[in-house]
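Contents: one structure, followed by commentary.
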There are 2 protein chains.
Amino acid sequence: MENIRELFQVMTRRFGLLNKNCCSIDAVDISLVQSHILYEIDKRESPSMQQVAEVLGMDITTFSRQIQNLVKKGLVKKTPLPEDRRVYTLSLTTEGKFIATTIDREINRYLEEVFSHMTEFEKETVIRSIKLLNECMAKSSVCCKPIGMGK
Amino acid sequence: MENIRELFQVMTRRFGLLNKNCCSIDAVDISLVQSHILYEIDKRESPSMQQVAEVLGMDITTFSRQIQNLVKKGLVKKTPLPEDRRVYTLSLTTEGKFIATTIDREINRYLEEVFSHMTEFEKETVIRSIKLLNECMAKSSVCCKPIGMGK
DNA sequence: ACAAATAGTTGCGTTTTACAAATAAATGAA
DNA sequence: TTCATTTATTTGTAAAACGCAACTATTTGT
């Protein structure tokens, strides 16, 4: 059988390029990491800086500065948490939300196009497979988490 | 049904972190992009600079400098092509090959671990799904290729 | 009340990035 | 052949991203 990593590498590379391309559409023009940040903030319930930096596997100091940029661009709002004033809660502004939604729509549109080359059954199978894969990756504590992050 | 992009995002993020982590193991200590470069050179038959830069969606000038670094580190060899002296052919040195192999083994080891949480049937299904996905992504010319690369 | 832990920021030097322009070699047309 | 054009790669340069160390501010535990 062929190299499994190869399959993953090709798939994630393509999806990565898609993500990248979708950062510069029409009104939208942000960097790839910024797109990821918007995505994660949008997905979660007013997360803290640490939380988002963590899932993205980013150094907190780099993340801090990226947030500063996004705040300057008017895409993200930083709200101090009343019960713990060390913590800042992140949320998207209306424009940030708009951009995140635009990117999301664009990516889903592309994915639909890809799935259009399959039968409905194949599509279901593929989606179930990825879901299963994600569950198994979550189980496996070996790696994949930003453990040894800093060199 | 849930957002399809979400599934992809989670999967590729995990795999991305895995890739990142596997860059700094033991003797190996290179950046993520450098790891990708080594991987692609290893995979192909003495490719040119353009070719590798292209599949990685990298700007050729950035790529050029990364190659210079890898050559300095003694991991990559740049050989001028006799029949067209403008192009350079890329290949891995013994040490570059060793590092690429080490990373590859490590990643595959992790993937095996992930698959160990599935039945043999599920594993087969997942692998076939990813393969199918890759084929369909290749068909779709909408995006995913480094078309609009530069902003 | 105070040491220790936690969340986030800033200083600073290194690396990465990409546009513009340069070099060098091949190709095509006159 | 010669010269303009195209192609592959490199270099100049400046901006952006990165991450360690050190700092501030706040909370927690004793």
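Residue numbers begin at 1 in each chain, while the letters A, B, ... track the order of the sequences.
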task: Tell me, please, which residues at least two apart from B:Arg65 pass side chain to side chain donor-acceptor pair (under 3.5 Å).
output: none
Distance in angstrom units between B:Lys72 NZ and C:dT16 P, rounded: 10 Å
message: According to salt bridge (charged side-chain N to carboxylate O under 4.0 Å, His left out), who are the partners of A:Glu112, at least two apart in sequence or on a separate chain?
response: A:Lys123
query: Who pairs with A:Thr89 by side-chain contact (heavy atoms from CB on, under 4.5 Å), at least two apart in sequence or on another chain?
result: A:Ser46, A:Thr79, A:Leu81
Would you list the protein and nucleotides 21-23 of chain D atom pairs, both N or O, that sit under 3.5 Å from each other?
none

- prompt: Picking from C:dT9, C:dT16, C:dA18, which would you name as closest to the side chain of A:Ile60?
  reply: C:dT9
query: Does a nitrogen or oxygen in the side chain of B:Gln66 sit under 4.0 Å from OP1 or OP2 of C:dT17?
result: yes
- request: Report yes if at least one side-chain N or O of B:Thr62 is closer than 4.0 Å to OP1 or OP2 of C:dA18; otherwise report no.
  value: yes
message: Is B:Gln68 close enough to D:dT11 that one of its side-chain N or O atoms is under 4.0 Å from OP1 or OP2 there?
response: yes
message: Generate the contact string for nucleotides 24-30 of chain D. Rules: B means base contact, S means sugar-phosphate contact only, - means no protein heavy atom under 4.0 Å.
response: -BBS---
query: For A:Ser129, which residues count as a side chain to side chain donor-acceptor pair (under 3.5 Å) partner, sequence neighbours excluded?
result: B:Ser129
- line: When rounded to whole Å, the NZ to C1' distance for the pair A:Lys20 and C:dT17 reads 9 Å
task: Specify the angle, to 10°, made by the local axes at the two ends of the helix from C:dA1-D:dT30 to C:dA30-D:dT1 when five pairs are taken at each end.
output: 20°
Main-chain N/O of A:Ile67 paired to A:Lys78 side chain as donor or acceptor, under 3.5 Å: no
- prompt: Among residues 43-51 of chain B, which contact DNA chain D at a heavy-atom distance under 4.0 Å?
  reply: B:Ser48, B:Met49, B:Gln50
- request: Would you indicate, yes or no, if C:dT9 has its OP1 or OP2 atom less than 4.0 angstrom from a side-chain nitrogen or oxygen of A:Ser64?
  value: yes
query: How many Å lie between CG on A:Asp59 and P on C:dT14, as a whole number?
result: 17 Å
task: Return the minimal non-hydrogen interatomic distance between B:Leu7 and A:Asn134, and the atom names on each side.
output: O-ND2, 3.3 Å
- prompt: Counting any heavy atom closer than 4.0 Å, what does B:Phe63 reach on the DNA or RNA strands: base, sugar-phosphate only, or nothing?
  reply: nothing
field: By side-chain contact (heavy atoms from CB on, under 4.5 Å) - contacts of A:Arg128 (at least two apart)
entry: A:Glu124, A:Thr125
- prompt: Considering residues at least two apart in sequence or located in another chain, which fulfil the side chain to side chain donor-acceptor pair (under 3.5 Å) criterion with B:Asn108?
  reply: A:Asn3, B:Asp104
Side-chain atoms of residues 31-45 of chain B: list all donor-acceptor pairs with protein atoms under 3.5 Å, sequence neighbours left out, distances to 0.1 Å.
{"from": "B:Ser31", "atom 1": "OG", "to": "B:Gln34", "atom 2": "N", "distance (Å)": "3.3"}
{"from": "B:Gln34", "atom 1": "OE1", "to": "B:Ser31", "atom 2": "N", "distance (Å)": "3.1"}
{"from": "B:Gln34", "atom 1": "NE2", "to": "B:Gln66", "atom 2": "OE1", "distance (Å)": "3.2"}
{"from": "B:His36", "atom 1": "ND1", "to": "A:Gln9", "atom 2": "NE2", "distance (Å)": "2.9"}
{"from": "B:His36", "atom 1": "ND1", "to": "A:Arg13", "atom 2": "NH2", "distance (Å)": "2.9"}
{"from": "B:Tyr39", "atom 1": "OH", "to": "A:Glu6", "atom 2": "OE1", "distance (Å)": "2.6"}
{"from": "B:Glu40", "atom 1": "OE1", "to": "B:Arg44", "atom 2": "NE", "distance (Å)": "2.9"}
{"from": "B:Glu40", "atom 1": "OE1", "to": "B:Arg44", "atom 2": "NH2", "distance (Å)": "2.8"}
{"from": "B:Glu40", "atom 1": "OE2", "to": "A:Arg13", "atom 2": "NH1", "distance (Å)": "2.1"}
{"from": "B:Asp42", "atom 1": "OD1", "to": "B:Lys97", "atom 2": "NZ", "distance (Å)": "2.7"}
{"from": "B:Lys43", "atom 1": "NZ", "to": "A:Glu6", "atom 2": "OE2", "distance (Å)": "3.0"}

message: Checking A:Phe8 now: which residues fulfil ring-ring contact (aromatic ring centres under 6.0 Å, His included) with it, not counting sequence neighbours?
response: B:Phe15
- prompt: Reckon A:Ser31 has a side-chain N or O less than 4.0 Å from the OP1 or OP2 of D:dA16?
  reply: no
